[in-house]
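Sharing a structure with you now.
All values below were derived from every heavy atom in this structure, side-chain atoms included, with hydrogens, water molecules and symmetry-related copies excluded. Owing to the predicted nature of the structure, the values given are computational and were not obtained by experimental measurement.
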Amino acid sequence: MAITAGMVKELREMTGAGMMDCKKALTETNGDMDAAVEFLRKNGQAKAEKKAGRIAAEGLCRVAMDGDRKAAVVEVNSETDFVAKNADFQSFVESVAAQAVESDAADLDAFMGESWREDSSKTVKDALVEKVAVIGENLNIRRFEKVVAENGCVVSYVHGGGRIGVIVEAATDVVNDAVKEALTNLAMQVAALSPKYVSTADVSEEYKAHEKEILMAQIAQDPKMAGKPEKVIEGAVTGRLNKELKEVCLLEQTYVKAEDGKQTVAQYIAQVAKENNAELSVKRFVRFETGEGLEKKEENFAEEVAKQMNA
């Protein structure tokens with residue numbers, strides 16, 4: 001069967017694959033469009049496997065909202081910051097976030113096996129594999145988290161064009177613009193100061209014990225504390241631990257927009273609650289930062305180009 005330019009164009013628009021790849025797929029399948037799509041998907045799988053060994057530590061975080069009670073944040077990684085700025089990649093990440101906010105998956109494996117919301121004939125993993133084939137880099141849907149407010153609302157904040165994505169959930173009997181603005185301010189604080197807990201009540205005993213062990217080791221090496229009574233040393237450890245907890249617990253942090261420079265986040269929330277005659281409390285927050293905890297591969301760009309030219 002003769003393969004026409006129109007057929008190649010149609011397949012390219014359907015799949016986003018390269019022109020020559022589309023022509024080859026149609027030739028191999030004797031012009032059968034459905035079979036050609038499947039051919040490209042299989043070919044995309046092969047390409048994805050070749051690229052899977054590459055480190056994908058760049059990328060984007062995106063948040064999708066469904067009203068003011070449901071939100072999901074996702075992190076999708078790419079190999080380079082260049083691809084992270086690509087409109088096609090950005091659109092894909094937004095689609096993944098939209099999938100996540102509708103998903104009931106309990107973990108990433110279940111999420112990857114779900115039907116893709118934009119084409120039910122594919123799974124989320126299939127959609128990712130196809131995107132790898134089109135973009136030409138290893139891509140990875142690294143994580144997602146969905147937050148549903150049963151008695152209150154959620155707000156979101158994305159910083160640095162997608163470098164950081166935050167969701168804050170609050171329990172509140174009043175949901176208005178003022179309350180949402182206050183919670184958005186807190187989401188910005190979470191993005192900037194990266195607290196680990198909402199309050200000291202949420203800090204595990206394991207974390208406290210670990211930090212005490214470190215502080216004890218530090219004090220043991222402090223000449224000023226040499227020979228001090230055990231009670232004094234214990235007091236010093238407790239004081240330093242409490243100071244540290246104020247830095248890692250959101251409600252104990254100084255509110256970044258505090259006019260007096262002293263107001264804590266807990267005091268700010270109490271102020272907003274009083275002004276709006278509301279019962280208001282922060283239940284949880286989720287903070288994703290792109291590439292967090294991933295090892296980034298340092299490469300010389302000129303050397304990489306030279307390698308490809310000589311390949």
Side-chain angles (χ1 to χ4, degrees), residues 7-19 21-22 24-26 28-29 32-52 54 56 58-67 69-80 83-148 154 156 158 162 165 167 286 288 290:
M7 292 167 66
V8 174
K9 181 175 182 291
E10 181 182 354
L11 182 59
R12 187 171 189 272
E13 289 175 349
M14 288 172 64
T15 64
M19 198 73 74
D21 288 336
C22 290
K24 180 181 179 181
L26 287 164
E28 292 287 336
T29 58
D32 185 320
M33 196 64 68
D34 290 337
V37 170
E38 188 64 19
F39 178 91
L40 285 171
R41 287 178 65 187
K42 289 178 179 178
N43 188 47
Q45 177 71 60
K47 290 180 179 179
E49 287 172 354
K50 288 178 183 178
K51 293 176 174 64
R54 298 184 189 170
E58 298 294 339
L60 290 173
C61 294
R62 282 285 186 267
V63 179
M65 301 280 293
D66 182 2
R69 289 181 177 267
K70 191 186 299 182
V73 58
V74 301
E75 178 187 353
V76 183
N77 299 123
S78 61
E79 291 181 55
T80 64
V83 163
K85 295 175 181 176
N86 176 281
D88 190 24
F89 176 75
Q90 292 180 353
S91 177
F92 176 68
V93 180
E94 288 172 1
S95 295
V96 174
Q99 176 94 22
V101 82
E102 296 176 359
S103 174
D104 291 323
D107 54 42
L108 190 58
D109 286 341
F111 179 72
M112 296 298 284
E114 285 185 344
S115 294
W116 183 233
R117 63 189 295 274
E118 296 182 5
D119 183 349
S120 59
S121 69
K122 307 173 187 176
T123 64
V124 174
K125 184 177 181 179
D126 291 335
L128 174 65
V129 166
E130 290 183 2
K131 195 57 62 177
V132 169
V134 173
I135 289 178
E137 277 196 10
N138 182 28
L139 308 176
N140 179 41
I141 299 174
R142 184 186 181 197
R143 53 182 173 166
F144 77 98
E145 189 156 347
K146 181 176 175 181
V147 179
V148 179
V154 293
S156 66
V158 175
I167 298 172
V286 180
F288 281 5
T290 304

Exercise for the section: Measure from the side-chain N and O atoms of Glu79 to the backbone N and O of Asn138, and report whether any donor-acceptor pair falls under 3.5 Å. Expected result: yes
Problem - Under 3.5 Å donor-acceptor, Glu137 side chain and Thr80 backbone - result: yes
Handout entry: For the student: nearest non-hydrogen atoms of Ser78 and Gly59, plus distance
Key =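 Where Ser78 meets Gly59 most closely, the heavy atoms are OG-N, 3.5 Å.
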Exercise for the section: May I have the step-by-step check of side chain to side chain donor-acceptor pair (under 3.5 Å) for Thr290 and Glu58, ending in yes or no? Expected result: CA-CA 6 Å; Thr290 304; Glu58 298 294 339; over 6 Å; no
Completion exercise
Residues Ala71 and Val154: closest non-hydrogen pair is CB-CG2, 3.9 Å
Handout entry: Any Ile167 side-chain heavy atom under 4.5 Å of Val63 side chain
Key =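 Ile167 reaches Val63 side chain to side chain.
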Fill in the blank from the handout: Closest non-hydrogen atoms of Cys61 and Gly165, given as atom of the first, atom of the second and distance, are CB-N, 3.8 Å
Exercise for the section: Name all residues meeting the side chain to side chain donor-acceptor pair (under 3.5 Å) criterion together with Ser156; count only those two or more places apart in sequence or in a different chain, and write none if there are none. Expected result: none
Problem - Contact summary for Ala64 and Ala98, nearest pair of heavy atoms - result: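 Nearest pair, atom of Ala64 first, then Ala98: CB-N, 3.9 Å.
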Practice task
Please lay out, stage by stage, how Glu145 and Val74 fare under the test side chain to side chain contact (heavy atoms under 4.5 Å, CB included).
Solution key: CA-CA 7 Å; Glu145 189 156 347; Val74 301; over 6 Å; no
Problem - Residue pairs fulfilling ring pair (Phe, Tyr, Trp, His ring centres under 6.0 Å) with at least one residue in residues 89-110, sequence neighbours excluded - result: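 Pairs touching residues 89-110 that pass the test: Phe92-Trp116.
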Exercise for the section: Kindly write out the residues that satisfy side chain to side chain donor-acceptor pair (under 3.5 Å) with Glu118, not counting sequence neighbours, or none if the list is empty. Expected result: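 Result, side chain to side chain donor-acceptor pair (under 3.5 Å) vs Glu118: Ser95.
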Exercise for the section: Please name all residues satisfying side chain to side chain donor-acceptor pair (under 3.5 Å) with Glu94, sequence neighbours left out, ordered by chain then number. Expected result: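 Side chain to side chain donor-acceptor pair (under 3.5 Å) list for Glu94, sorted by chain: empty.
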Problem - All side chain to side chain donor-acceptor pair (under 3.5 Å) counterparts of Arg143, not counting sequence neighbours - result: Glu75, Glu292
Practice task
Mind checking side-chain contact (heavy atoms from CB on, under 4.5 Å) for Ala72 and listing every partner two or more places apart, or none if nothing turns up?
Solution key: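 So Ala72 forms a side-chain contact (heavy atoms from CB on, under 4.5 Å) with Ala100, Val101, Lys146.
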Practice task
Could you tell me which residues satisfy salt bridge (Lys or Arg N to Asp or Glu O under 4.0 Å) with Glu102, sequence neighbours excluded, listed by chain and number?
Solution key: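 Testing Glu102 for salt bridge (Lys or Arg N to Asp or Glu O under 4.0 Å), a comparison that skips the adjacent residues, returns Arg117.
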Practice task
Could you list the residues that satisfy side-chain contact (heavy atoms from CB on, under 4.5 Å) with Asp107, not counting sequence neighbours?
Solution key: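 Asp107 satisfies side-chain contact (heavy atoms from CB on, under 4.5 Å) with Asp109, Ala110 once adjacent residues are dropped.
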Problem - From SG (Cys22) to CD (Glu10), nearest 0.5 Å - result: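 Atom-to-atom, Cys22:SG and Glu10:CD are 10.5 Å apart.
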Handout entry: Which residues share a salt bridge (Lys or Arg N to Asp or Glu O under 4.0 Å) with Asp119, sequence neighbours left out
Key =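 For Asp119, the residues satisfying salt bridge (Lys or Arg N to Asp or Glu O under 4.0 Å) (neighbours in sequence not counted) are Lys122.
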Practice task
May I have the step-by-step check of side chain to side chain contact (heavy atoms under 4.5 Å, CB included) for Met112 and Thr123, ending in yes or no?
Solution key: CA-CA 7 Å; Met112 296 298 284; Thr123 64; over 6 Å; no
Exercise for the section: Taking the side chain as every heavy atom from C-beta outward, state whether Gln99 and Phe144 have any pair of such atoms under 4.5 Å apart. Expected result: no
Practice task
Answer yes or no: is there a side-chain heavy-atom contact under 4.5 Å between Val124 and Val96?
Solution key: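 Val124 does not reach Val96 side chain to side chain.
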Handout entry: Shortest non-hydrogen contact from Ser103 toward Glu114
Key = OG-OE2, 2.6 Å
Practice task
Mark yes or no for whether Gln90, through its side chain, and Ala84, through its backbone, hold a donor-acceptor pair below 3.5 Å.
Solution key: yes
Handout entry: Residues forming a side-chain contact (heavy atoms from CB on, under 4.5 Å) with Asp88, sequence neighbours excluded
Key = Asn86, Lys131, Val134, Ile135
Exercise for the section: For Ser91 and Ala87, indicate whether the former's side chain and the latter's backbone hold a donor-acceptor pair under 3.5 Å. Expected result: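 No, because the side chain of Ser91 does not come within donor-acceptor range (under 3.5 Å) of the backbone of Ala87.
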Practice task
Measure the shortest side-chain to side-chain distance between Val76 and Asn140 over non-hydrogen atoms and say whether it is less than 4.5 angstrom.
Solution key: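 Not touching, per the 4.5 Å side-chain cut-off.
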